[in-house]
Amino acid sequence: MNLESNQILSDSDLIKGSIAGDRHIQELLYKKFSDKMYGVALRYAGDESDAHDIMQDGFIKVFKNLEKFRSEGSFEGWIRRIIVNTSIEHFRRKRKTYSITESQENNIEDVSLDAMDVLDTKDLMQIINQLPPGYKMVFNMHIIEGYSHKEIADILGITEGTSKSQLARAKGVLRKILEERVQ
């Protein structure tokens, strides 16, 4: 592919060039999506080092599977899904999900997070990163990514009730942190 240095390539051009093995095009594809995907990885990761590992593993999967992209939806969404799935795999390797008994699940109330509307993204990320790993994973998957509790349960190998209770507990912890910040 002949490129001028100031030429902006479409996602389709980036995909074709990357599949063809053009290192320059692959670098352009990475640069185009890496900042957003780092933000996704950081939401799931325990720290910046883990987020970088997730990004590395995720983009390796992106490049290995580019030929499988079917153009059914956005390319960015496809990459995001790979980064989220890589984050989940990373989580599974590093930590065990906190298990909760059925009787504990019935005693958990859902908590509103209205105060979160007034926080900027950086503050919100810092607060979410204070959650225990299992709570953080379920919170991100349900609230941020929009997974259903059934989907979360299937992906993480937990019950729907455990997913719901971990979300409720995550919201409770977040509420407590927010209340402490306000005081």
Side-chain angles (χ1 to χ4, degrees), residues 1-95 113 116-129 131 133-157 163 167 170 174:
M1 226 177 243
N2 287 334
L3 296 177
E4 296 177 25
S5 61
N6 62 355
Q7 183 180 3
I8 297 176
L9 298 175
S10 69
D11 288 351
S12 178
D13 290 336
L14 292 172
I15 293 167
K16 289 175 188 170
S18 293
I19 290 172
D22 186 322
R23 294 287 183 201
H24 177 68
I25 300 293
Q26 291 171 342
E27 182 180 350
L28 291 174
L29 185 149
Y30 178 82
K31 285 181 178 178
K32 179 174 181 178
F33 296 102
S34 62
D35 286 345
K36 284 183 183 178
M37 296 308 131
Y38 178 73
V40 171
L42 191 57
R43 264 201 327 270
Y44 286 91
D47 56 37
E48 291 180 6
S49 175
D50 286 345
H52 286 291
D53 289 347
I54 291 167
M55 284 282 294
Q56 173 99 11
D57 293 346
F59 270 96
I60 288 170
K61 291 175 185 177
V62 166
F63 287 114
K64 282 185 178 179
N65 293 293
L66 275 174
E67 293 167 341
K68 295 179 182 176
F69 178 66
R70 303 267 183 249
S71 299
E72 298 169 356
S74 76
F75 182 52
E76 181 178 328
W78 182 79
I79 293 173
R80 178 187 187 93
R81 187 74 166 199
I82 290 173
I83 298 298
V84 168
N85 288 336
T86 303
S87 299
I88 292 166
E89 291 169 11
H90 184 80
F91 171 79
R92 283 181 177 155
R93 284 192 304 264
K94 287 194 84 173
R95 299 181 177 97
L113 293 175
M116 293 179 72
D117 294 335
V118 299
L119 296 173
D120 67 23
T121 304
K122 186 176 180 181
D123 288 337
L124 184 56
M125 288 297 303
Q126 288 174 342
I127 291 170
I128 291 171
N129 281 330
L131 290 171
Y135 296 1
K136 180 174 150 181
M137 179 64 64
V138 172
F139 181 86
N140 281 326
M141 291 178 75
H142 186 73
I143 301 296
I144 309 295
E145 302 296 336
Y147 286 91
S148 71
H149 287 293
K150 180 173 181 7
E151 291 171 319
I152 294 168
D154 291 343
I155 291 168
L156 296 180
S163 176
L167 178 62
L174 291 173

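Only heavy atoms go into these numbers, but all of them, side chains included; no hydrogens, no water, no symmetry mates. Every value quoted in this text rests on a predicted model; they were computed, and no experiment measured them.
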Min side-chain heavy-atom separation [X]-[Y] under 4.5 Å:
{"X": "Val40", "Y": "Lys36", "value": "no"}
{"X": "Phe75", "Y": "Phe69", "value": "yes"}
{"X": "His149", "Y": "Leu167", "value": "yes"}
{"X": "Met141", "Y": "Glu151", "value": "no"}
{"X": "Ile88", "Y": "Asn85", "value": "yes"}
{"X": "Met137", "Y": "Tyr44", "value": "yes"}
{"X": "Ile83", "Y": "Phe33", "value": "no"}
{"X": "Met37", "Y": "Glu76", "value": "yes"}

What pair of heavy atoms forms the shortest contact from [X] to [Y], and how long is it?
{"X": "Met55", "Y": "Ser34", "value": "CE-O, 3.4 Å"}
{"X": "Ala45", "Y": "Asp50", "value": "CB-CB, 3.6 Å"}
{"X": "Phe63", "Y": "Ser18", "value": "CE2-OG, 3.9 Å"}
{"X": "His90", "Y": "Asp53", "value": "CE1-CB, 4.4 Å"}
{"X": "Tyr38", "Y": "Ala51", "value": "CE1-CB, 3.6 Å"}
{"X": "Ile54", "Y": "Ser87", "value": "CG2-OG, 3.3 Å"}

Hey, could you give me the [atom1]/[atom2] distance between [X] and [Y], rounded to the nearest 0.5 Å?
{"X": "Glu27", "Y": "Asp22", "atom1": "CD", "atom2": "CG", "result": "10.0 Å"}
{"X": "Ile19", "Y": "Gln26", "atom1": "CD1", "atom2": "CD", "result": "10.0 Å"}
{"X": "Asp11", "Y": "Trp78", "atom1": "CG", "atom2": "CH2", "result": "11.5 Å"}
{"X": "Phe139", "Y": "Ile152", "atom1": "CZ", "atom2": "CD1", "result": "11.0 Å"}
{"X": "Lys16", "Y": "Leu14", "atom1": "NZ", "atom2": "CG", "result": "11.0 Å"}
{"X": "Phe91", "Y": "Leu156", "atom1": "CZ", "atom2": "CG", "result": "6.5 Å"}

Donor-acceptor check, side chain of Lys61 to backbone of Ile79, threshold 3.5 angstrom: yes or no?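 A pair under 3.5 Å: no.
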Asn140 side chain vs Arg43 backbone, donor-acceptor pair below 3.5 Å: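 Yes, because the side chain of Asn140 sits within donor-acceptor range (under 3.5 Å) of the backbone of Arg43.
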What verdict does the side-chain contact (heavy atoms from CB on, under 4.5 Å) test give for Tyr30 and Val62, after you've listed the backbone C-alpha separation in whole Å, the side-chain angles of each residue and the deciding distance to 0.1 Å? CA-CA 10 Å; Tyr30 178 82; Val62 166; over 6 Å; no
Pairing of Lys150 and Asp154 as salt bridge, 4.0 angstrom limit: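 Yes.
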